[in-house]
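Both ligands and their constituent atoms are indexed starting at 1 by order of listing.
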Amino acid sequence: MRRRTAAMFFCAVALVGAAAAASARPAERPAPAQPGERPAAAQPAPGFAPIRIETTHVALVFTVGADGSLYQSWLGPRLADTAEYAAGPAPRHEAFIGAGLSDLAEPAITVTHADGNPSLDLRYVRHEVTGNETVIYLKDSVYPFTVALHFKTFADQDVTETWTEIRHSEKKVVTIEEVASSVLHFDGPGYHLTEFHGGYASEMQMEESPLENGVRILDSKLGTRPDMYQAPFFMLSLDGPAREENGPVLAGTLAWTGNFRFLFDVDERHSLRVVSGINPYRSPVTLEPGRAFTTPPFIFTYTTNGKGQASRNLHHWAARYGIMDGDQPRLTPLNNWEATHTGFDEQKLVGLFDGAVRLGLDLFLLDDGWFGDKYPRDNDKAGLGDWMENPRKLPDGLGYLVREADKKGLRFGIWLEPEMVNPASELYHAHPDWILRLPNRPEQYQRNQLVLDLCNPAVQEYVYHVVHDLLQRDTGIAYIKWDCNRPMTDAWSPFLGEHQGSLYIDYTHGFYNVLARLRKEYPHLPMMLCAGGGGRTDYGALRYFTEFWPSDNTDALERVFIQWGYSCFFPAFSICAHVTSMGRESLKFRTDVAMMDKLGYDIQVDRLTPEELTFSANAVRTYRRLSPLIGWGDLYRLVSPYEEHRAALMYVDSTRTHAVVFAYTLQTRHQEFFYRVPLRGLDPSGRYRVKEINLAPGTHSVNPDDDKVFSGDFLMKAGLQLTPGRINPATSWVYDITTEND
Ligand code: GLA
């Protein structure tokens, strides 16, 4: 690992006076000292007060050079004395680099002007601050082409959203080959990148590696199910491998349900620039004069308190701003997918309602298989596109199920996959021009299905009506699981004809158009975002969804890793976790894993023994009591499953009077020894009773600390033996930690 002094973590620049320097715009940019070298540092423009974009603990500072260009001069903790932002080296990180000039590292924006000129020379014009939003306007030195950099800060959560807006008034269309939502510059001694990758049923596997010289890209080209292999999240540590509770970490994500790209470019001076935005892969934007193109927001948080604080910042931001109805309680469902697949009928379903009642759940979620008449959905080969009830399975329609559920005090929800079509469907035959597929080539199926052309407004109208008409007809439908089971491959839009360049971007906008329209009419309908597991999990879509399905892999051992990964970016109330029959772990282990996020069930309740049923019903009751703490509390990840053969995490409420700890052993070895684990986030002067809960039927706690009272100081310094006794693989513990008023 490269080592440089801590003083070089953040680039700084001389602060200058208050007057803006925009009008005095010299033509000369700083020249390279030697041919082939990067441009030298710029002189700050005289009289220019740096632009400070600040949250409670963090500052992103820009200054304008004497050359009129905009420079990032600081990204790091806020300084007590703003004048000291001036104490560092002269600015040399141009904030938003246009391609085609002397800076040959990765550009922020590449355009071809109406006259064919392939360069962009952006100079500062002015900036505006309105409430929590700062907009910095840049303009080409010659062409009537402007770029507005937007920064919206969420001070309490130390989160910033940043995006770019482009306009021009050239004589003809300008082609934008690529444009970033954000470019951030760093000077640190040891960049380490944590990425989240995987595949179907192995989502969000965390992997950390050093960033060395050169370019590293995390991206997706999959369109509809963009995160199937690489998820749109990263954590960047600046001083070696990221630590959980200390050290400088930036966590970033793009709020975009489509192709994304994060590009990390370490140059010969070991400076890092991170360019984040829509993946330019086959996505040139042709922009008419007078029109605007706006990128999706890049969302980031920066902290000097490690990955844990970065996650907590994002969780609190998401609950208030990032996820639909993020401050509302969630429903606790019985889903029927793993229990029945498509093999059910009306009576069987009504019979399952009783199981939901016995467990004390409040929602029955009917999954795939309820639709299709001429092409019944009895497996995944047919029916997608024909969203009417299968009359053989559901002769009395969805309305009957809604009413029967209601009689039992349950709400009723359904699964939909409205963007897709099976060739074996009436829709496929009625609207061949609504399907994305290449001319002159055979259709390529994944899960026997094709993607509809949401670039086409007629298809958007159709998808809107699939949902709207169902909700109008059966007004009792109280929940939707919106699935999307294939990525875009072999894509060609009949609607776009010769202008295929905008396919990927238009598709995502088409998706958002439909959701925005639905949300106007059904603003609070809970909706689960799903894509063959977690293939489409991002903050662009979660503006419209209340929660998401993280993975079809519900084996609880695997789920510890998968849910751990998601916890880096998402609050527990949004991460659906169902107790199922997958895997060989005990019911208690499966329950304890599901309870650390948003609990639900997908299990054949009538196969549970009376003891198991009692245990589960108690667990649901316990979860109801604890769900405000789990869903909205402060998460502290205590022991990572990537570092030990166990995992532990805890949630603490905002008053530090109540906490819950979850601990799991994984694939332990014979006689493996585990240390006590210091807790976090408690009040050192508080006194807390530790009580093991969720005990398996007929068992009692073997933890010698059970039901004892300790100070917060002790619990956070000496810790608790969270995994006591003889350690078997896949064993779990839940501890309720409450304030003792003695
Ligand atoms: C996807 C989802 C599952 C289930 C099936 C139904 O795989 O992730 O939860 O809904 O589709 O076909």
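- Sorted by chain then number, the residues whose non-hydrogen atoms approach ligand 1 to under 4.0 Å are Trp337, Asp367, Asp368, Trp415, Arg447, Lys481, Asp483, Asn485, Cys530, Gly532, Gly533, Trp549, Asp552.
- Side-chain contact check for Glu417 versus Cys530: every heavy-atom pair is 4.5 Å or farther apart.
- Aromatic rings of Phe548 and Tyr566 (six-membered ring for Trp) have centroids within the 6.0 Å cut-off, being under it.
- Among residue pairs with one or both ends in residues 513-522, those qualifying as side chain to side chain donor-acceptor pair (under 3.5 Å) are Gln460-Asn513, Glu461-Arg517, Tyr464-Glu521, His468-Glu521, His468-Tyr522, Gln472-Tyr522; sequence neighbours excluded.
- By the 4.0 Å N-to-carboxylate-O rule, Asp325 lies too far from Arg330 to be salt-bridged with it.
- Counting only N and O atoms by type, the side chains of Gln230 and Ser220 include no donor and acceptor under 3.5 Å apart.
- Between Asp227 and Arg225, no side-chain nitrogen of the basic residue sits less than 4.0 Å from a carboxylate oxygen of the acidic one, so the salt-bridge criterion is not met.
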